[in-house]
Amino acid sequence: MEFKDIQNTWQQQSEQTNIPDFTPTQQKLQKIRKEQRITQFILGITGIVLIAFFFYISAYKFSGTLLGMSLLIGVIIIRVWIEVKSRQTLRKINVLLSLEDFKAQLISYYENRKKLAFTTIPILLIVYNIGVGIMMYYFYQYISRGFFYYIVISYAVSFVVLFYFIRKQVLQELKTLKSLQEA
Amino acid sequence: MKTQFNNIYQNHYEKVYRLCLGYVNGDEALAKDLAQDTFVKVWEHLDQFKNKSSIGTWIYRITVNTCLLFIRKNKKGSYSLPEIREDDTNVVEVEKAHQTRLQQMYACIQELKETERIVILLVLEGLAQKEIADITGHSHQNVRVMVHRIKEKLTKCVTHGI
């Protein structure tokens, strides 16, 4: 078989391709953009209200529980911020670049993700567990033994599940990076 | 702008869809999604088209980059066989043979590395090497060598199997 035959077979296919209507996609996109703006606005307002409430009830006065809670919430906020920034970076890669330049930018993006996965994320997990440890100390003092053990066990289970998903995502990203580097 | 986009969409959809189809191993559903993603990007960036290359080349650039982005989804498509109407036995046989060859082609394309896959799909669509160089960012000389090597690889695979 010659390459010409392969090319002919290729070009003969999908001669009756139905062209789907693009209008619903356009409308859906406009709706998503509008929803994103509303979500950002609501999140902004919620943040401002929470900060105002924090000062209103004088929660900034130091206590062990405040430290524990701050570590927990702080880690979650930083983690979410990292993911949001990461997605924005990926979305900002210019699709008008040539394939090689686009690939180079994708590789750089996944290398940064790798650095995050092996440096920042483990630190965040350690800090989160310190926060949990502090909170457990107070829980142990103020709540019944049965409920305390319930919290400890459910935390351990959820941490294992969370760790499994983080590991799965990291492995998938490493695989993507490898395929891109080999391409 | 809307009319301009609609014309582009009607004129280029089939080519974009076919390239996407080749990239995702002949999986029609995945190819449709990829083609839609491509045209969403075309729509968003249409005001940045500067006539430096043909609109076709410009759309292919977006298509190949959108395909490359698909890598992160880590999905391998599977060839979806079209339905064959069984009212003429001879036609059915010919059509079945054609489908088997296509399936083999898709499987062989899938065996290539990401960049090789994209380059050969552009060749199969009949693009000139200069245009492929413009889309991929390789030198013309480099593309010539690459195309020759990939063509040989693909022909060997389709003829003798994986």
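Naming: A, B, ... by sequence-line order, numbering from 1 per chain.
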Given the rule in the side-chain contact (heavy atoms from CB on, under 4.5 Å) test, do B:L69 and A:I93 qualify, once you have shown the distances and angles that lead to the verdict?
-> CA-CA 10 Å; B:L69 262 180; A:I93 301 179; 6.0 Å; no

Structural part of [X] lying under 4.5 Å from a heavy atom of chain A:
{"X": "B:V40", "answer": "both"}
{"X": "B:E125", "answer": "both"}
{"X": "B:Q10", "answer": "both"}
{"X": "B:I118", "answer": "side chain"}
{"X": "B:I109", "answer": "side chain"}
{"X": "B:F49", "answer": "neither"}

Close approach to chain A in residues 59-66 of chain B, criterion heavy atom under 4.5 Å =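 Contacts with chain A: B:R61, B:I62, B:V64, B:N65.
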
Neighbourhood of chain A inside residues 134-143 of chain B, taking heavy atoms under 4.5 Å as contact |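 Checking residues 134-143 of chain B against chain A gives B:D134, B:I135, B:T136, B:G137, B:H138.
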
So NZ of B:K151 and CD of A:Q7: to nearest 0.5 Å the spacing works out to 7.0 Å

So do the side chains of B:V158 and A:T9 get within less than 4.5 Å of each other, counting heavy atoms only?
->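 A side-chain contact is absent here, since even the closest heavy-atom pair is not under 4.5 Å.
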
Give me the atom names and distance for the closest heavy-atom approach of [X] to [Y].
{"X": "B:R18", "Y": "A:W10", "result": "O-CZ2, 3.5 Å"}
{"X": "B:T155", "Y": "A:E2", "result": "CG2-C, 4.2 Å"}
{"X": "B:Y13", "Y": "A:N18", "result": "CE2-O, 4.0 Å"}

What about [X] and [Y], same hydrophobic cluster or not, with Ile/Leu/Val/Met/Phe/Trp/Tyr joined at side-chain heavy-atom distances under 4.5 Å?
{"X": "A:V84", "Y": "A:I76", "value": "yes"}
{"X": "A:V160", "Y": "A:I153", "value": "no"}
{"X": "A:W81", "Y": "A:V75", "value": "yes"}
{"X": "A:I126", "Y": "A:M69", "value": "yes"}
{"X": "A:V161", "Y": "A:Y164", "value": "yes"}

Look at B:E44 together with A:R33 and state whether they make a salt bridge at an N to O cut-off of under 4.0 Å.
->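 Looking at A:R33 together with B:E44, the answer is yes, because their closest N to O distance falls below 4.0 Å.
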
Can you pull the salt bridge (Lys or Arg N to Asp or Glu O under 4.0 Å) pairs that have at least one residue in residues 103-112 of chain A, sequence neighbours excluded?
->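 Counting only pairs at least two positions apart or across chains, the salt bridge (Lys or Arg N to Asp or Glu O under 4.0 Å) contacts touching residues 103-112 of chain A are A:E100-A:K103.
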
Verdict with reasoning, B:H45 to A:L96, per side-chain contact (heavy atoms from CB on, under 4.5 Å) = CA-CA 8 Å; B:H45 294 91; A:L96 303 179; 4.2 Å; yes

State whether the number of non-hydrogen atoms from other residues, nucleotides or ligands found under 6.0 Å of [X] atom [atom1] is greater than 12.
{"X": "A:M136", "atom1": "CE", "answer": "yes"}
{"X": "B:K41", "atom1": "NZ", "answer": "yes"}
{"X": "A:Y140", "atom1": "OH", "answer": "no"}
{"X": "A:F163", "atom1": "CZ", "answer": "no"}
{"X": "A:F159", "atom1": "CZ", "answer": "yes"}

For A:Q181, does its backbone N or O pair with a side-chain atom of B:E114 as donor and acceptor, under 3.5 Å?
-> no

By a 4.5 Å heavy-atom criterion (distance strictly below it), what part of A:L177 contacts chain B: side chain, backbone, both, or neither?
-> neither

Using non-hydrogen atoms and a 4.5 Å limit, figure out which bit of A:I6 sits close to chain B: side chain, backbone, both or neither.
->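 Looking at A:I6, backbone and side chain both touch chain B.
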
Counting heavy-atom pairs under 4.5 Å to chain B, which of A:D5, A:I19, A:L90 comes out on top?
-> A:I19

Pick from B:T115, B:L124, B:T159: which one has the most heavy-atom pairs with chain A under 4.5 Å?
->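 Ranked by heavy-atom pairs under 4.5 Å with chain A, first place is B:L124.
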
Residues of residues 20-27 of chain A under 4.5 Å from chain B (heavy atom pairs)?
->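 A:P20, A:D21, A:F22, A:T25, A:Q26 fall under the 4.5 Å cut-off.
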
Chi angles and distances behind the side-chain contact (heavy atoms from CB on, under 4.5 Å) call for B:I120, A:F3 | CA-CA 11 Å; B:I120 202 65; A:F3 184 76; 3.9 Å; yes

